[in-house]
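Take a look at the structure below.
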Amino acid sequence: MAERELTVGVAGLGGVGARVAQALLAGIPGLALGAISVRDGARARALLAGFEGPIVAPEALGETCDIVLEGLPPALFRTVAEPALDQGRTFMPLSVGQLLEHWDLVERARERGARILVPTGALIGLDAVRAAREGTIESVSMVTRKPPAGLAGAPHVVANGISLDGLSEPLLLFSGSVREGVPGFPANLNVAAALSLAGIGPDRTRLEVWADPGVTRNTHTIEVEADAARFTMTIENVPSETNPRTGRITALSAIAALRRLVDPLVVGT
Ligand SMILES: NC(=O)C1=CN([C@@H]2O[C@H](COP(=O)(O)OP(=O)(O)OC[C@H]3O[C@@H](n4cnc5c(N)ncnc54)[C@H](OP(=O)(O)O)[C@@H]3O)[C@@H](O)[C@H]2O)C=CC1
Ligand SMILES: O=C([O-])CC(=O)C(=O)O
């Protein structure tokens, strides 16, 4: 007898959430779009033609859905995360940096039998980082370069009165640990948070953030030194149409991460 489909609740229909919800509607065997949470219901119904399921508050997604995917602005992270975990659901965050600031949620997941699954998102190489962590990792570092428009408005940029207009050469905005960096760039460094969680943690993972007028893509390079391997990898992400901060691959990574929850064959660590 066929197993029942797992239902997915999607919080936020921005660049990431809309793409994931559309993929679920188009059909992923074993998964179904169960509910959505949005501010503008009419816009959502237009984006998701044929979706007749409920539109609910972010807190309510976990009442009926097996998996809750968060694609909200970072400030709303806990609104959806906490109830989904209390309801024992599988929670898939995109605003991963917020996990560092709401770390108690990991213990909460353990207590409630829930799970937090962080997709690789706009990054590369978390499979190798996780494998290396089973041995000894000496160092992990990441350099992020984005077109200035993708960094405009970040709290760090605003608080330090940094002007990104008319830059003619790369400007180093931040250098330090991932834990120190994320609060200043909550919509830019989710990848760095994910890297740190896959490897040696946010205090030991080093980070540089550059506003670079010479790049058109959101570019992340990670460098890992471990007893099992040394590797350097770079990903150059096409910014999404709706949000220049977010790489187009982010939604595709979330879709792939959902698929591996139900696929009979799973490849990769
Ligand atoms: N993990 C990773 O690798 C990456 C993570 N990210 C992060 O993923 C998250 C989603 O990114 P992205 O899709 O680009 O973000 P967007 O800003 O495009 O989308 C956020 C959506 O949330 C909606 N929203 C706002 N308030 C509410 C509310 N109260 N209830 C329901 N929906 C609401 C917005 O609606 P409205 O349209 O009405 O404003 C918008 O559609 C962000 O935190 C981003 O930083 C981004 C890139 C990579
Ligand atoms: O999309 C990207 O390149 C990375 C990003 O914004 C994030 O990690 O928040």
Side-chain angles (χ1 to χ4, degrees), residues 9-22 35-44 46-48 55-61 68-81 83 92-102 116-126 142-147 149-155 178 181-198 207 209-212 215-222 234-257:
V10 175
L13 286 194
V16 177
R19 183 77 178 76
V20 173
Q22 283 163 345
I36 57 172
S37 185
V38 292
R39 286 196 292 199
D40 181 344
R43 178 180 165 268
L47 273 171
L48 301 178
I55 299 179
V56 301
E59 304 86 297
L61 285 171
V68 175
L69 180 131
E70 174 272 327
L72 293 171
L76 295 174
F77 173 82
R78 196 166 182 116
T79 319
V80 61
M92 190 172 284
L94 271 309
S95 306
V96 186
Q98 297 306 302
L99 262 183
L100 306 185
E101 304 189 19
H102 298 278
I116 304 173
L117 301 188
V118 174
T120 303
L123 199 54
I124 193 171
L126 297 194
M142 175 171 149
V143 177
T144 285
R145 289 176 185 276
K146 285 194 175 186
L151 291 155
V178 168
V182 165
F185 300 89
N188 291 108
L189 292 180
N190 295 294
V191 282
L195 173 66
S196 74
L197 295 174
L207 173 69
V209 182
W210 292 80
D212 189 341
V215 300
T216 54
R217 297 187 173 203
N218 299 337
T219 304
H220 312 292
T221 298
I222 68 172
T234 297
I235 187 164
E236 298 178 20
N237 293 322
V238 178
S240 63
E241 294 74 10
T242 51
N243 182 348
R245 289 178 288 278
T246 296
R248 221 189 258 179
I249 201 167
T250 313
L252 304 185
S253 170
I255 295 167

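In listed order, ligands and their atoms are each counted from 1. This one's a predicted model, so the numbers in the text were calculated from it and none came from an experiment.
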Exercise. If you have a sec, work out which protein heavy atom is nearest atom 9 (O) of ligand 2 and how many Å separate them, to one decimal?
Key: N190 ND2, 2.8 Å
Quiz item: Looking at N237, which atoms of ligand 2 are within less than 4.0 Å of one of its heavy atoms?
Solution: 3 (O)
Quiz item: Can you find an N/O atom of G247 closer than 3.5 Å to an N/O atom of ligand 2?
Solution: yes
Quiz prompt | Under 3.5 Å: donor-acceptor pair, side chain of E70, backbone of A81 | solution = no
Quiz item: Which ligand 2 atoms does A122 reach within 4.0 Å, using its non-hydrogen atoms?
Solution: 1 (O), 2 (C), 3 (O), 4 (C)
Practice problem: With heavy atoms of R245 as the reference, note each atom of ligand 2 found under 4.0 Å away. | Solution: 1 (O), 2 (C), 5 (C), 6 (O)
For ligand 1, run through the N/O pairs with the protein that fall under 3.5 Å and put one pair on each line.
| residue | atom | partner | partner atom | Å |
| --- | --- | --- | --- | --- |
| ligand 1 | 1 (N) | L94 | O | 3.0 |
| ligand 1 | 3 (O) | A122 | N | 2.9 |
| ligand 1 | 13 (O) | G15 | N | 3.2 |
| ligand 1 | 13 (O) | V16 | N | 2.9 |
| ligand 1 | 14 (O) | N243 | ND2 | 3.1 |
| ligand 1 | 14 (O) | T246 | OG1 | 2.8 |
| ligand 1 | 18 (O) | G15 | N | 3.2 |
| ligand 1 | 38 (O) | R39 | NE | 3.2 |
| ligand 1 | 38 (O) | R39 | NH2 | 3.3 |
| ligand 1 | 39 (O) | R39 | NH2 | 2.5 |
| ligand 1 | 41 (O) | G14 | N | 3.2 |
| ligand 1 | 43 (O) | L72 | O | 3.0 |
| ligand 1 | 43 (O) | S95 | OG | 2.6 |
| ligand 1 | 45 (O) | N190 | ND2 | 3.0 |

Quiz prompt | Pairing residues for R245 by the salt bridge (Lys or Arg N to Asp or Glu O under 4.0 Å) criterion, not counting sequence neighbours | solution = none
Quiz item: Given that the side chain starts at C-beta and the backbone is N, CA, C, O, which of these parts of L123 lies under 4.0 Å from ligand 2, counting heavy atoms, or is it both or neither?
Solution: neither
Quiz prompt | Expected output: side-chain S37 to main-chain V56 donor-acceptor under 3.5 Å | solution = yes
Quiz item: Quick one: nearest non-hydrogen protein atom to atom 4 (C) of ligand 2, plus distance?
Solution: H220 NE2, 3.5 Å
Quiz prompt | N218 side-chain N/O to T144 backbone N/O, donor-acceptor pair under 3.5 Å | solution = no
Exercise. For N218, take its heavy atoms, then give the atoms of ligand 2 lying under 4.0 Å from any of them.
Key: 3 (O)
Quiz item: More than 12 non-hydrogen atoms from neighbouring residues, nucleotides or ligands closer than 6.0 Å to CZ on R19, yes or no?
Solution: no
Quiz item: Where the side chain of E236 meets the backbone of T219, is there a donor-acceptor pair that is under 3.5 Å apart?
Solution: no
Quiz item: Ignoring hydrogens and geometry, is there a side-chain-to-backbone donor-acceptor pair from Q98 to R78 under 3.5 Å?
Solution: no
Practice problem: Starting from the C-alpha separation in whole Å, work towards a yes-or-no answer on side-chain contact (heavy atoms from CB on, under 4.5 Å) for R145 and R217. | Solution: CA-CA 8 Å; R145 289 176 185 276; R217 297 187 173 203; over 6 Å; no
Quiz item: For G150, does its backbone N or O pair with a side-chain atom of N188 as donor and acceptor, under 3.5 Å?
Solution: yes
Quiz prompt | Polar contact flag for V191 and ligand 2 (N/O pairs, less than 3.5 Å) | solution = yes
Practice problem: Please answer whether the main-chain N or O of P119 pairs with a side-chain N or O of S253 as donor and acceptor at a distance below 3.5 Å. | Solution: no
Quiz item: Counting from 1, what ligand 2 atoms have a heavy atom of T246 closer than 4.0 Å?
Solution: 1 (O)
Quiz item: Relative to ligand 2, is A187 under 4.0 angstrom through side chain, backbone, both or neither, heavy atoms considered?
Solution: backbone
Practice problem: Would you mind checking which non-hydrogen protein atom is closest to atom 7 (C) of ligand 2, with the distance to 0.1 Å? | Solution: N188 O, 3.1 Å
Quiz item: Under a 4.5 Å cut-off applied to non-hydrogen side-chain atoms, are V38 and L47 in contact?
Solution: no
Exercise. Taking only heavy atoms of K146 into account, list the atoms of ligand 2 that are under 4.0 Å away from them.
Key: 2 (C), 3 (O), 4 (C), 5 (C), 6 (O)
Quiz item: Does A122 offer a backbone N or O that forms a donor-acceptor pair with the side chain of N237 under 3.5 Å?
Solution: yes
